[in-house]
Amino acid sequence: MKHLQWFPGHMTAAVRMMEENLKAVDGVMMVLDARAPRASINEKLSKMFSGKKILYVINKSDLITQKDAIRVVKEFEKEGKTAVSVSAMDKRAVDLLYSKIFELLKEKIERNKLRGMFKPMRIMVTGIPNTGKSTIINALCGVKKAITGNKAGVTKGKQWVRIKELELLDTPGTMPPAFENQTLAKYLAYIGCMNDANLDFGDLAFELIKDLKEKYPELLKEKYSIEDLDKETLQIFGDICVRRGFLMRGGEFDYERCATAIIDDLRKGRIGKIIFD
Ligand SMILES: Nc1nc2c(ncn2[C@@H]2O[C@H](COP(=O)(O)OP(=O)(O)OP(=O)(O)O)[C@@H](O)[C@H]2O)c(=O)[nH]1
Ligand SMILES: [Mg+2]
């Protein structure tokens with residue numbers, strides 16, 4: 001597969017903007033995608049925020065099993081990280097996030113109170129593209145204030161959103177300048193955090209079938225009515241083309257169109273509840 005990397009100029013600008021605003025914030029929410037919670041940690045950002053209180057928000061948990069969601073939070077906590085698993089689409093997320101944020105910033109709030117200060121806590125909401133940062137901010141606000149969209153790179157500049165006790169800074173999704181671990185980068189490409197325009201969907205779907213065959217054989221079989229997975233990945237890809245009717249004139253497999261459909265199935269959760277790392 002082609003080497004994966006995505007760090008356009010607007011991300012350099014976004015990182016600089018976050019650095020400049022760092023002093024002004026009390027804490028950080030790093031929004032991750034539950035389907036690839038490790039891969040979606042931008043270590044460069046974690047380093048930059050090392051002096052700050054960080055809440056790791058494992059979002060889109062509706063797309064993984066509850067068992068995995070609980071396990072991931074436990075693993076994060078074991079590493080000393082404060083983490084919470086939510087689905088921004090679920091009403092329960094709001095209370096959960098509020099209580100976690102206030103727990104995280106308790107000392108600071110108490111200190112302010114003792115001094116007779118009641119200033120709102122400022123939180124920077126960061127993470128890689130498309131993890132649901134703006135959706136979470138809207139959920140916390142109760143109204144749509146931040147622009148959202150189902151592709152990577154929707155939020156452009158910075159945007160402060162004020163709610164009673166909180167001020168949230170929405171930021172554009174940013175990637176690390178380079179991916180040393182290409183396997184993790186591949187997971188991000190699967191779930192739609194990379195720029196689709198740079199991706200070869202044929203290659204990506206091939207890799208996805210290979211990974212699913214290994215990690216989720218039952219889901220793969222079930223979704224595409226494949227009886228036997230004991231064959232080459234390319235043959236399975238061909239089987240899916242046939243099942244889904246992706247054939248060209250003359251009966252050749254239309255791998256390209258089939259690839260797009262498979263990736264879309266995965267992203268919409270139609271193959272099942274899947275976690276990659
Ligand atoms: N299934 C599911 N989808 C979600 C969830 N949260 C957000 N989404 C969807 O994910 C997509 C991206 O959401 P955004 O809020 O725009 O993501 P963002 O992190 O602000 O993205 P950028 O601004 O591009 O960095 C949208 O289509 C949302 O509807 C969730 O908890 N579950
Ligand atoms: Mg956004």
Side-chain angles (χ1 to χ4, degrees), residues 6-18 21 28-37 39-42 44-45 54-66 68-70 72-73 83-98 100 123-161 168-176 187-199 263-276:
W6 188 33
F7 196 69
H10 82 261
M11 289 192 190
T12 313
V15 171
R16 198 174 306 136
M17 178 276 280
M18 288 190 269
N21 282 275
V28 174
M29 276 207 280
M30 190 177 283
V31 183
L32 310 175
D33 190 308
R35 295 166 295 174
S40 52
I41 295 180
N42 180 345
K44 275 271 168 336
L45 291 187
I54 304 179
L55 174 61
Y56 290 89
V57 180
I58 302 159
N59 190 37
K60 306 201 184 186
S61 291
D62 51 296
L63 298 175
I64 63 170
T65 66
Q66 204 178 4
D68 280 328
I70 294 167
V72 171
V73 170
V84 61
S85 113
V86 296
S87 164
M89 314 305 239
D90 183 336
K91 283 212 171 70
R92 283 171 299 183
V94 174
D95 286 345
L96 208 55
L97 285 170
Y98 265 116
K100 278 283 171 187
I123 312 279
M124 193 188 291
V125 183
T126 66
I128 64 166
N130 208 30
T131 52
K133 297 174 290 299
S134 301
T135 308
I136 283 179
I137 290 178
N138 288 336
L140 287 171
C141 288
V143 286
K144 196 172 165 167
K145 287 200 181 172
I147 304 160
T148 63
N150 192 13
K151 60 172 190 183
V154 172
T155 302
K156 301 290 187 213
K158 69 168 180 175
Q159 188 185 6
W160 280 102
V161 174
L168 302 167
L169 178 61
D170 194 7
T171 66
T174 52
M175 288 295 194
Y187 297 156
L188 298 182
Y190 290 163
I191 62 176
C193 294
M194 291 280 199
N195 183 2
D196 280 343
N198 295 341
L199 300 174
I263 302 284
D264 196 50
D265 283 341
L266 174 84
R267 290 183 183 173
K268 302 252 167 74
R270 288 194 294 251
I271 301 179
K273 292 187 186 282
I274 289 167
I275 183 166
F276 290 103

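All residue numbers refer to positions in the sequence shown, counting from 1. Remember, it's 1-based here, ligands and their atoms both numbered in the order they're listed.
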Colleague: So, does Asp170 use its side chain to make a donor-acceptor pair with the main chain of Val125 at under 3.5 Å?
Modeller: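 Side chain of Asp170 to backbone of Val125, a donor-acceptor pair under 3.5 Å: no, none is there.
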Colleague: How close does the nearest protein non-hydrogen atom get to atom 12 (C) of ligand 1, and which residue and atom is it?
Modeller: Asn130 OD1, 2.9 Å
Colleague: When you measure from atom 16 (O) of ligand 1 to every protein heavy atom, which one gives the shortest distance, and what is it?
Modeller: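 So the nearest neighbour among protein heavy atoms is Gly149 N, 2.9 Å.
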Colleague: At less than 4.0 angstrom from any non-hydrogen atom of Gly173, what atoms of ligand 1 do you find?
Modeller: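 Going through ligand 1 atom by atom, the ones under 4.0 Å from Gly173 are 25 (O).
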Colleague: Below 4.0 angstrom from a heavy atom of Gly153, which ligand 1 atoms are there? Numbered from 1 as shown, please.
Modeller: 24 (O)
Colleague: Please check: side-chain N/O of Ser40 versus main-chain N/O of Asp33, any donor-acceptor pairing under 3.5 Å?
Modeller: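 Pair found, side chain donor or acceptor close to backbone of Asp33.
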Colleague: For atom 17 (O) of ligand 1, what is the nearest protein heavy atom, given as residue, atom name and distance?
Modeller: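 Scanning the protein heavy atoms, the shortest distance from atom 17 (O) of ligand 1 goes to Gly132 N, 3.1 Å.
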Colleague: Which residue holds the protein heavy atom closest to atom 6 (N) of ligand 1, what is that atom called, and what is the gap in Å?
Modeller: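 Protein heavy atom at minimum distance: Asn59 ND2, 3.1 Å.
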Colleague: Would you mind checking which non-hydrogen protein atom is closest to atom 18 (P) of ligand 1, with the distance to 0.1 Å?
Modeller: Lys133 N, 3.5 Å
Colleague: Closer than 3.5 angstrom, by distance alone: can the side chain of Asn130 be matched with the main-chain N or O of Gly192 as a donor-acceptor pair?
Modeller: yes
Colleague: To the nearest 0.5 Å, what is the distance between CD1 on Ile136 and CD1 on Ile123?
Modeller: 12.5 Å
Colleague: Going by the atom numbers of ligand 1, which of them fall below 4.0 Å from some non-hydrogen atom of Ser87?
Modeller: 30 (C), 31 (O), 32 (N)
Colleague: Let me know which of Met11, Met18, Met17 forms a side chain to side chain contact (heavy atoms under 4.5 Å, CB included) with Pro172.
Modeller: Met17
Colleague: Quick check: does Ser134 get an N/O under 3.5 Å from an N/O on ligand 1?
Modeller: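 Yes, there is a polar N/O contact under 3.5 Å.
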Colleague: Does the Arg267 side chain pair with the main chain of Tyr190, one donor and one acceptor, at a distance under 3.5 Å?
Modeller: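 Answer holds: yes.
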Colleague: I need the Ile58 CD1 to Met30 CE distance, nearest 0.5 Å.
Modeller: 12.0 Å
Colleague: Is there a donor-acceptor contact under 3.5 Å from the side chain of Lys156 to the main chain of Gly153?
Modeller: yes
Colleague: Determine yes or no for a side-chain-to-main-chain donor-acceptor pair under 3.5 angstrom, with Ser87 supplying the side chain and Ser61 the backbone.
Modeller: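 Checked: no pair found.
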Colleague: Using heavy atoms and a threshold below 4.0 Å, how should the contact between Ala152 and ligand 1 be classified: side chain, backbone, both, or neither?
Modeller: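 For Ala152, the contact with ligand 1 is made by the backbone alone.
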Colleague: May I ask you to check if ligand 1 and Thr148 share an N or O to N or O distance below 3.5 Å?
Modeller: no
Colleague: Which atoms of ligand 1 sit under 4.0 Å from any heavy atom of Lys151?
Modeller: 24 (O)
Colleague: Has the side chain of Asp68 got a donor or acceptor atom that lies under 3.5 Å from a matching backbone atom of Ile64?
Modeller: no
Colleague: Around Lys273, counting heavy atoms of other residues, nucleotides and ligands shown, do more than 12 lie under 6.0 Å from its NZ?
Modeller: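 More than 12 heavy atoms, drawn from other residues, nucleotides or ligands, come within 6.0 Å of this atom.
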Colleague: So which heavy atom in the protein is nearest atom 31 (O) of ligand 1, and how far is it from that ligand atom?
Modeller: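 The closest one turns out to be Ala88 N, 2.8 Å.
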Colleague: Identify, for atom 28 (C) of ligand 1, the protein heavy atom at the shortest distance, and state residue, atom and that distance.
Modeller: Thr135 OG1, 3.7 Å
Colleague: If you measure from atom 10 (O) of ligand 1 to every heavy atom of Arg35, Met89, Lys60, which option wins on shortest distance?
Modeller: Lys60
Colleague: For the side chain of Thr131 and the backbone of Gly127, is there at least one donor-acceptor N/O pair under 3.5 Å apart?
Modeller: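 Checked: no pair found.
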Colleague: Which atoms form the tightest heavy-atom contact between Asn59 and Gly132, and what is the distance?
Modeller: ND2-CA, 3.7 Å
Colleague: Check this for me - ligand 1, Val154, N or O atoms closer than 3.5 angstrom, yes or no?
Modeller: yes
Colleague: Looking only at heavy atoms, which two atoms of Tyr187 and Ala36 are closest? And how far apart?
Modeller: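 Shortest heavy-atom contact: CB-CB, 4.2 Å.
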Colleague: Listing by chain and number, which protein N, O or S atoms are under 2.8 Å from the Mg ion (ligand 2)?
Modeller: Ser134 OG, Thr155 OG1
Colleague: Would you indicate which of Ile128, Asp62, Asp33 comes nearest to atom 2 (C) of ligand 1 when only heavy atoms are counted?
Modeller: Asp62
Colleague: Would Pro129 count as being in polar contact with ligand 1, using the rule that some N or O on each side must be under 3.5 angstrom apart?
Modeller: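 Checking ligand 1 against Pro129, no N or O pair falls under 3.5 Å apart.
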Colleague: Of all the heavy-atom pairs spanning Ile128 and Lys133, show the shortest one and how long it is.
Modeller: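 Scanning both residues, the minimum pair turns out to be O-NZ, 2.7 Å.
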